[in-house]
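Notes to accompany the following structure.
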Amino acid sequence: MEKIIGGIKRECYPLSEAEMVHLYTLSLSPTHEVVNMGTGRYLQMDINQAALREALNRAVERCEAMRLRMWKEPETGQIWQYVMPYENQYFEYYDFSQLREDKIRAILDGWTAQPFDTFGGPLSRIVIVTLPDGYNGYYMNLHHMTMDAASIVTFTRDVMDIYCHLVYDLPYPSPMTSYIATLQDELKYQAGSKKRIRDEAYWDEQFKRPEPIYTDFTGPGRLLTQRREKGKPDLRAATLASKDAAGQTTTYELDVDSTMKLVNFCEEHGFPVSVLLLHALRTYLSKFNNNEKDICIKDFVSRRSTVAAKKCGGVRMHCLTLRTIVEPTDTVLEAMDKIDKAQNDLFKHSEYGTMSFYRRQREAYGIAPGEGYESIGFTYQPATLKSIVPYLRGIPYKSYWYSSGRQSQPMYLTAMHRPGDGGLNFHFGYMSEVATPQEVEFMYYYLGRILFRSIENPNATIQEIMDMV
C-alpha cells in the first residue's frame with residue numbers, strides 16, 4: 001500500500017507476526033534498547049579496510065531487511081514497514097588494539113545500549129573495528145524487528161563471500177532473496193490461508209490437553225511463592241517479569257573436542273543437535289523441580305526451511321511452547337525420540353505465530369497476560385564460518401554478542417557454533433531480577449554434566465541420569 005512519508009511516496013507493508021512480537025516487547029519496556037542486538041565478527045588477520053567497506057555496502061544493498069524502516073501512521077497509529085533505497089555508507093573505523101578486553105567490552109556494550117528511533121530512522125549501525133592480538137572485523141548493532149540471529153549469520157556469510165571475491169578473486173556469491181516477497185507470502189498466510197486453518201486446528205487439539213505446569217530454573221520456590229501471594233494453591237502458571245527489563249548476557253565456550261562428541265552422538269543416533277540440547281534443558285528442569293515429568297520450554301523457531309527464507313534476512317522467529325512428558329523410566333534415547341517428535345510437530349505448525357499461540361493458550365487455560373509455563377527460552381543456530389568461506393578456514397575467528405543492559409526474556413539460551421573452530425558457544429541472556437550470574441553458572445555446569453552423562457549412557461533411564469549428576 002502506498003503511503004506518503006516525509007513527502008515521499010513509499011510502498012508500505014503491514015508487520016509480520018514475528019515483528020509484532022518485538023513491537024509488543026517495546027510496548028512493555030520503558031526503553032527501546034531492549035530490542036537491540038549487538039554482535040562482533042573478527043578474524044585474526046590483516047583486513048583491507050577499503051574492501052571490507054565495499055563488501056559491507058554491497059551486502060546492505062543486497063539485503064532488503066538491512067534497509068527496513070518502520071513508520072507509525074499519525075492518523076491511525078498503525079505501524080507500517082518499507083524498504084529504503086540503497087545509499088552508499090562510509091563505515092567508521094575504531095582502533096581498540098591497545099585497550100584491555102574488558103574496556104572494549106564496556107564500550108561495545110555501551111554502543112549496544114544506544115536505542116534506535118524505532119519509527120523514524122535507520123535500524124542498524126556498523127563500525128569497522130581492530131581488537132588486540134591482530135583481530136580485525138566489524139561491530140554491528142541491529143533492531144530486532146529487522147533481523148534475527150539466523151539473519152545475522154546469513155548477512156555475515158554474504159559480507160565475507162563478497163570480501164573474498166574482492167580481495168582474493170573468489171566467485172561472487174549468489175544473490176540474496178527478497179525479504180518483501182517472503183513477507184507477502186507470510187501476510188497471505190496470516191490472512192487465513194488453508195495452511196493457517198490446519199495449523200489452528202492442530203493447536204486447538206493441543207490445548208485440549210490438561211493444563212501444563214510451570215517449572216523454574218531455580219526450582220519450585222517461585223511457583224510456590226506465587227501460589228501463596230495470589231491465594232491460589234492450585235496455580236500452575238507463573239509470572240516472570242521485570243520492571244525495567246534490566247539484564248545481562250553471559251557466554252560459555254565448549255571446547256571443540258567436547259562439541260564434536262555431542263555432534264557425533266547425534267549423527268550416530270539420527271537426532272538433530274537441538275534435540276540433545278533440549279533433552280539436557282528439560283532434564284535439568286525436571287531434576288530441580290521434584291522430578292516433574294511435564295516440562296515446557298519456549299522453543300524459538302527460525303522458519304527457514306527454503307532457500308528463499310534462508311537468504312531473505314529479516315526476523316522470522318516464532319516462539320512456541322515445546323511441551324514434553326517424559327517418564328523417569330524412559331531411556332535417554334527414548335526421551336530424545338519423544339522430544340524429536342514433539343519438535344517436528346511444532347516445526348510443522350510453527351507458522352501459526354507467537355502472539356496467536358499465547359493468546360489461544362490464555363483462552364484455553366484461563367491464565368492472565370504475563371503468566372506462562374516456561375522459565376527458559378531456547379534456540380540453536382548450527383551455521384559455522386567453516387562451511388561458509390573455505391578460504392578463511394583455519395584462521396582464528398571471534399564472534400561476540402554484546403549486551404544492551406536489557407533483556408526481553410527472563411532466561412534465554414542461544415546455542416551457536418563458533419565460526420572459527422566449530423565449537424559450541426552457550427549465550428545466556430537473563431533478566432537481573434529473576435536470575436543471578438551464579439545461578440546461570442550453576443545451570444551451565446549441570447547442563448554439561450547431563451549432556452555428557454547422557455551420551456556416555458544412552459540406554460540409562462532419565463532417573464539414572466538425574467542421579468548421576
Side-chain angles (χ1 to χ4, degrees), residues 22 25-26 28-44 56 91-118 121-133 135-149 151-153 155-156 242-253 315 377 379 381 397-416 418-420 425-441 443-444:
H22 301 295
T25 299
L26 284 172
L28 299 178
S29 175
T31 55
H32 278 203
E33 68 268 23
V34 69
V35 293
N36 285 11
M37 300 178 70
T39 65
R41 317 292 184 186
Y42 313 104
L43 289 153
Q44 195 177 38
L56 286 164
F91 300 105
E92 296 177 285
Y93 169 69
Y94 286 82
D95 185 351
F96 295 142
S97 60
Q98 302 305 309
L99 299 182
R100 299 191 317 271
E101 289 283 354
D102 59 341
K103 176 65 173 176
I104 298 169
R105 166 69 70 167
I107 291 171
L108 298 182
D109 282 348
W111 287 358
T112 307
Q114 296 174 7
F116 294 103
D117 180 359
T118 300
L123 300 176
S124 66
R125 181 192 182 192
I126 300 176
V127 175
I128 296 173
V129 171
T130 292
L131 299 181
D133 302 321
Y135 281 89
N136 293 277
Y138 64 93
Y139 160 88
M140 182 165 64
N141 189 18
L142 297 169
H143 195 297
H144 213 334
M145 285 180 73
T146 66
M147 298 284 269
D148 56 27
S151 293
I152 292 172
V153 170
F155 181 79
T156 300
S242 170
K243 295 177 183 177
D244 59 3
Q248 296 295 328
T249 300
T250 300
T251 298
Y252 296 96
E253 296 187 358
V315 56
T379 189
Q381 297 290 343
Y397 183 96
K398 291 183 178 181
S399 177
Y400 291 127
W401 288 79
Y402 299 104
S403 174
S404 68
R406 299 285 184 270
Q407 287 290 334
S408 60
Q409 299 287 328
M411 175 66 71
Y412 183 29
L413 169 60
T414 301
M416 298 181 69
R418 292 187 298 276
N425 276 3
F426 292 80
H427 303 281
F428 290 89
Y430 59 96
M431 289 180 173
S432 301
E433 287 186 31
V434 300
T436 66
Q438 293 76 23
E439 287 169 337
V440 175
E441 183 176 11
M443 184 190 309
Y444 177 68

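These numbers come from a predicted model, not from an experiment.
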- Query: So do the side chains of F428 and M443 get within less than 4.5 Å of each other, counting heavy atoms only?
  - Reply: yes
- L56 vs I128 side-chain heavy atoms within contact, under 4.5 Å: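 Side chain of L56 against side chain of I128, heavy atoms only: contact under 4.5 Å found.
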Pair [X]-[Y], side-chain donor/acceptor within less than 3.5 Å:
{"X": "D148", "Y": "S151", "value": "yes"}
{"X": "R125", "Y": "N141", "value": "no"}
{"X": "Q407", "Y": "T249", "value": "yes"}
{"X": "T112", "Y": "Y139", "value": "yes"}
{"X": "Y412", "Y": "T379", "value": "no"}

Taking all atoms of both residues into account, what is the closest heavy-atom pair of [X] and [Y], and its distance?
{"X": "S403", "Y": "G247", "answer": "OG-O, 3.8 Å"}
{"X": "I126", "Y": "F91", "answer": "O-CD2, 3.5 Å"}
{"X": "V434", "Y": "P410", "answer": "CG2-O, 3.6 Å"}
{"X": "I152", "Y": "W401", "answer": "CD1-CH2, 4.1 Å"}
{"X": "M145", "Y": "V315", "answer": "O-CG1, 3.3 Å"}
{"X": "A113", "Y": "S404", "answer": "CB-O, 3.3 Å"}

- Before giving the answer on side-chain contact (heavy atoms from CB on, under 4.5 Å), spell out for Y400 and L131 the whole-Å C-alpha distance, their side-chain angles and the decisive distance to 0.1 Å. CA-CA 12 Å; Y400 291 127; L131 299 181; 4.2 Å; yes
- Derivation of the side-chain contact (heavy atoms from CB on, under 4.5 Å) call for V127 and W111: CA-CA 10 Å; V127 175; W111 287 358; 4.0 Å; yes
- Message: side-chain contact (heavy atoms from CB on, under 4.5 Å) for V440 and M411? Distances and angles first, verdict last.
- Response: CA-CA 9 Å; V440 175; M411 175 66 71; 3.8 Å; yes
Can you measure from [atom1] ([X]) to [atom2] ([Y]) and round to the nearest 0.5 angstrom?
{"X": "R418", "Y": "E253", "atom1": "CZ", "atom2": "CD", "answer": "4.5 Å"}
{"X": "H143", "Y": "H22", "atom1": "NE2", "atom2": "NE2", "answer": "9.0 Å"}
{"X": "D102", "Y": "I107", "atom1": "CG", "atom2": "CD1", "answer": "10.0 Å"}
{"X": "L142", "Y": "L123", "atom1": "CG", "atom2": "CG", "answer": "9.0 Å"}
{"X": "Y135", "Y": "Y397", "atom1": "OH", "atom2": "OH", "answer": "11.5 Å"}
{"X": "I104", "Y": "D109", "atom1": "CD1", "atom2": "CG", "answer": "11.5 Å"}

- Item | Qualifying residues under side chain to side chain donor-acceptor pair (under 3.5 Å), relative to Q248, sequence neighbours excluded | none
- Query: Considering residues at least two apart in sequence or located in another chain, which fulfil the ring-ring contact (aromatic ring centres under 6.0 Å, His included) criterion with F116?
  - Reply: none
- Message: Walk me through whether F96 and K103 qualify under side-chain contact (heavy atoms from CB on, under 4.5 Å).
- Response: CA-CA 9 Å; F96 295 142; K103 176 65 173 176; over 6 Å; no
- Task: Look at atom CD of E441 and say whether more than 12 heavy atoms of other residues, nucleotides or ligands are closer to it than 6.0 Å.
- Result: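 No, CD of E441 has 12 or fewer neighbouring heavy atoms, counting only those of other groups under 6.0 Å.
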